[in-house]
Amino acid sequence: MAVKEFPAGTQLIQSEQNQTALHVIAKGSVCASYPGGTFYLKKGDVIGVCEIFFGSHFFTYETEEPTGIASYPCTAAQLALLMSKSVDLANMIVSSLFRQFREIYDQYELMRFDCENIYHFLMDRYEEYKSFCVKHGFTPRALPDMEDLTPLTLEEDLESWLDGYYEQLTAMVTEKSSKFHKPDFLAGVVLKADLDIHRIISICRVFYDYKAEIASLLMNENHLDFFDLYASLLYKIGANDPDSTTVSAAISTIMIQLEDLPSIDREMYQQRAAEYRAKLENLGESAEEDATTVDDVPDVEHSLNTILSYAEVDGETAAAFRESVGKFAKMTDKNASDDAARKLRMTITKQFYVIYEKAFLKSLKDTTSIPKVVKMFFNFGYVDENLAGLENAAYLYRIVDKLPTDPKRKVYTAYEWFTAIYQGKKSPSRNEFDSDFPTYLREQKMSGNITAADEARMQNDPKEQVLFEIRNMFPSVNKITFGRVLSFCPIFSEHNVLKDLDGSLVSADKVEAGFQTIRDIDFSAYYRDVIYTNPDIGIGKESIGVEVLPDIILMPNVGTRGIAWQEIEGRKRTTPARMMVSIFQMEDLTNILVRLTGDFRWEMCKRVQGARWNDISEASLTSEYFDYIQFYRKNHELSADAKDKIKLGMKKAKNSYKEMFIRDYEAWILYEGAGSPRLNKVSRNIIFTYCPFSKEIRTKLMANPLYKETMSRYDIKLSQKLHHYDNVFQKLKNTGTPIPQELLMQREYLCK
């Protein structure tokens, strides 16, 4: 067999590529890689022997140095025949298989140990951090994803005897005088071992994902991480504090862990490390000189009294809220999970909404003389200057009269939103049971809670409408957008401020920029199909797209999440969706808007399709995606590796088809749109069909074979639609009839 030469750095095979041959390394070396691990093949090793059973590769192979490869066309069905033709080749195949098995198994054991080790490292560091905070009188900050972190658990693990079994099998089969050199037997050994190797790789992928989750907690681009917790603590206590050496040592340990994690962004790590070292050099300067005092913002002094007085709540309610806030302020760990802490947060939550409601109703009649502190309460959940931190309180005080929102641009503060409902400019949102205000009133009447006369009176009562919004949507959404449901408390507290407030304040400009980024990739994201008719000029029914961007309501909290609460208002499909995010967003806003857009895509399709949303006989985004996930195990277009990824993805998505789609949509916008493939062939084709890229991106990706077939189908359908409109326009021109603006805009939309 002829040997083909390849220079160093040549990618020989990409994972998920079909396998049609075995490749023997005649000289040089090759790196085999998979998520979380690499191993090296040398002269005499066989590329593809671990994967031949599946007919597709789950390793990526790249030459490490100038390498010679001899290729032997072979499939699983042809393996025994190939082995029967050459005893030397058969021995080479089996020997290489066992060497590769040993490499992979050793990496499995090492990764298992690493996962257990790094979990305990993280938990120990967090307890240590909280101890330092308590010692120095600081409230420990909580990271958004810490609530969900658990020790690694596997649904299926390897049998304890597997290692010993292959050790003995290797000795038996590779012995020169072995009786086990019959081709059929050796082929069976290879194909059965492939199954075990694939199982090991699947478990290693779980390990890799778990370590990536830990890595994001140690350091991430949003600075919501352990590195920032410890660095901020060091900046606060100063270089001269006796504990500064211990805290510095802890940071160094975190950096050592980060250097060993393959999933960490190297460039981000280097940048964060450089920022830390630069700030460390200036740590000797006292931060106390620049500290804000109550004298700098005297109007925020006794904020809680001002708010309670304005709300005109009864003395008992006011006293109870003061007591609860006082207890909360004294807690050393405001995120504690014990019963006492949990009950206190729940008590404060109930009291907060009662006071908010009363203060809001009064403000409707008092629009010109609302104290700034009360406005801070409405828009930020602010109640106390010490709880918020004087520096934060001063910042909130400065910006509360010039918040960068704009209802005309569909971005509202919570207060602006409630006011719009009271003024009849917006209808109340559906409640958590998906009932709108009229439906809710009917349910109340049927339950005997109100009379028919009450229903008729309340139907158009602006006060009842806004109370429905405050009592139903507001508490649920405020908790969800906060992000950490178990430790939620609606009042503004310094310990929740994980980033600079000025940089995390959501504005109309930021929202518009985020949506524009999405629409530059998925141009049809917020278009809805409507029917256009104009019998007077001979146009019967034409389906045209109308773009309707969502309303964004900013919840009064410092949070990390967003929620697509409803896709339309009432039943009219051309009304805007409602999406909510925190007014101070700790996570990347554009990434959150991408996720909300994926949610909207799914729910809008379900709304249009109705009861047949998952009926594959009626093609739609939801029906095709539902069918793809439901029957992925039987899908011959998917490799074994792709099926494993779907299985893991569904586990992360908690078996939710919608959540699985949203994750794929995020990859579609954030990675595939930038030319970095992350999806499998089937998922990519479905999403491209219903969420096509803009023309500019399609042009860039046309040369990529992953997209070529799908794009060709899309271009054919697009040409047919454009040809239809060209014919319609020509007929109108022939009769001297002006072309309707709606049709011109539709053709322009199709050309995007």
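Values below: every heavy atom of this structure, side chains too, minus hydrogens, waters and symmetry copies.
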Heavy-atom check, side chain of Leu22 versus side chain of Leu89, under 4.5 Å: no
More than 12 heavy atoms from other groups under 6.0 Å of CD on Glu267: no
Check against salt bridge (Lys or Arg N to Asp or Glu O under 4.0 Å), Asp145 and Arg561: CA-CA 11 Å; Asp145 296 324; Arg561 297 287 184 270; 3.2 Å; yes
Heavy-atom pair with the smallest gap, counting every atom of Leu97 and Ala193: CD2-CB, 3.7 Å
Within-4.5 Å side-chain heavy-atom neighbours: Tyr210 and Ile214: yes
Short side-chain to backbone donor-acceptor contact, Glu51 and Phe58, under 3.5 Å: yes
Reported SG-to-CZ distance for the pair Cys204 and Arg199, which is rounded to 0.5 angstrom: 12.0 Å
Straight-line distance of Tyr61 OH to Thr67 OG1, nearest 0.5 Å: 14.0 Å
Verdict with reasoning, Val485 to Ile480, per side-chain contact (heavy atoms from CB on, under 4.5 Å): CA-CA 7 Å; Val485 176; Ile480 294 168; 5.6 Å; no
Electrostatic pair Arg601:Glu567 at N-O distance under 4.0 angstrom: no
Carboxylate-amine/guanidinium contact Arg102 Asp106, below 4.0 Å: yes
Short side-chain donor-acceptor distance under 3.5 Å, Tyr108 and Asp157: yes
Ignoring hydrogens and angles, write down the donor-acceptor pairs under 3.5 Å from the side chains of residues 40-50, residues two or more places apart or on other chains.
residue : atom : partner : partner atom : Å
Asp45   : OD1  : Ser96   : OG           : 2.8
Asp45   : OD1  : Arg99   : NE           : 3.2
Asp45   : OD1  : Arg99   : NH2          : 2.7
Asp45   : OD2  : Lys42   : N            : 3.0

pair Asn591-Glu666: side-chain heavy atoms closer than 4.5 Å: no
Qualifying residue for side chain to side chain contact (heavy atoms under 4.5 Å, CB included) with Ser202, from Leu648, Asp644, Ile197: Asp644
Main-chain N/O of Arg573 paired to Arg528 side chain as donor or acceptor, under 3.5 Å: yes
Flag, side chain of Gln11 to backbone of Ile13, donor-acceptor distance under 3.5 Å: no
Heavy-atom pair of closest approach, residues Asp529 and Gly545: OD1-CA, 4.2 Å
side-chain hydrogen bond (donor to acceptor under 3.5 Å, both in side chains) partners of residues 78-90, not counting sequence neighbours, each pair once: Thr75-Gln78
Test side-chain contact (heavy atoms from CB on, under 4.5 Å) applied to Asp196 and Tyr105, step by step: CA-CA 10 Å; Asp196 286 326; Tyr105 190 88; over 6 Å; no
Donor + acceptor pair across side chains of Ser639, Asp641 (<3.5 Å): no
Which atom of Phe54 lies closest to which atom of Ala640, heavy atoms considered: CD2-CB, 3.5 Å
Straight-line distance of Ile629 CD1 to Asn614 CG, nearest 0.5 Å: 13.5 Å
Whether Asp194 side chain and Phe53 backbone form a donor-acceptor pair below 3.5 Å: yes
Distance (rounded to the nearest 0.5 Å) between Ile518 CD1 and Leu596 CG: 8.0 Å
Side chain proximity check, Leu718 to Arg698, heavy atoms < 4.5 angstrom: yes
Student check: side-chain heavy atoms of Lys645 and Asn680 closer than 4.5 Å: no
Any side-chain donor near an acceptor of the partner, Glu587 and Thr560, under 3.5 Å: no
Lys643 atom NZ: more than 12 heavy-atom contacts under 6.0 Å: yes
Pair Tyr625 + Tyr628: ring centers closer than 6.0 Å: yes
Over 12 foreign heavy atoms within 6.0 Å of CD, Glu167: no
Donor-acceptor contact present, side-chain Ser216 to main-chain Glu213, <3.5 Å: yes
Test item: Glu221 and Asp265 side chains (from C-beta on) under 4.5 Å apart, heavy atoms: no
Minimum heavy-atom distance Ile662-Gly598, with the two atoms named: CG1-C, 4.0 Å
Lys211 versus Cys115, closest heavy-atom pair with distance: CG-SG, 3.7 Å
Arg266 to Tyr269, cation-pi by 6.0 Å centre distance and 45° axis angle: yes
Short side-chain donor-acceptor distance under 3.5 Å, Arg612 and Gln609: no
Pairwise ring pair (Phe, Tyr, Trp, His ring centres under 6.0 Å) hits with a residue in residues 13-36, at least two apart: Tyr34-Phe59
Interatomic spacing from CG in Leu143 to CG in Leu224 - rounded to 0.5 Å: 7.0 Å
Heavy-atom check, side chain of Pro7 versus side chain of Thr63, under 4.5 Å: no
Flag for His57-Gln17: side-chain donor and acceptor within less than 3.5 Å: no
side-chain contact (heavy atoms from CB on, under 4.5 Å) partners for Lys606, two or more places apart: Trp602, Glu603, Trp613, Thr622
Spacing of CG belonging to Leu701 relative to NZ belonging to Lys708, to within rounding of 0.5 Å: 13.5 Å
Side-chain donor/acceptor of Thr60 to backbone N/O of Ser15, under 3.5 Å: yes
Derivation and outcome, side-chain contact (heavy atoms from CB on, under 4.5 Å), residues Lys647 and Tyr632: CA-CA 9 Å; Lys647 181 181 178 182; Tyr632 77 88; 3.5 Å; yes
Between Phe523 and Tyr749, ring centroids under 6.0 Å: yes
Test salt bridge (charged side-chain N to carboxylate O under 4.0 Å, His left out) applied to Glu64 - qualifying residues, sequence neighbours left out: none
Throw together a table of side-chain donor-acceptor distances under 3.5 angstrom for residues 683-697, partners on residues two or more places apart or in other chains.
residue : atom : partner : partner atom : Å
Ser683  : OG   : Asp664  : OD2          : 2.9
Arg684  : NE   : Glu672  : OE1          : 3.0
Arg684  : NH2  : Glu672  : OE2          : 3.2
Arg684  : NH2  : Leu679  : O            : 2.6
Asn685  : OD1  : Thr710  : OG1          : 2.4
Asn685  : ND2  : Lys681  : O            : 3.4
Thr689  : OG1  : Asn685  : O            : 2.7
Tyr690  : OH   : Ser620  : N            : 3.3
Tyr690  : OH   : Glu624  : OE2          : 2.6
Ser694  : OG   : Asp520  : O            : 2.8

Minimum side-chain heavy-atom gap Glu116-Leu152 below 4.5 Å: no
Distance-minimising heavy-atom pair for Ala215 and Leu258: O-CD2, 4.3 Å
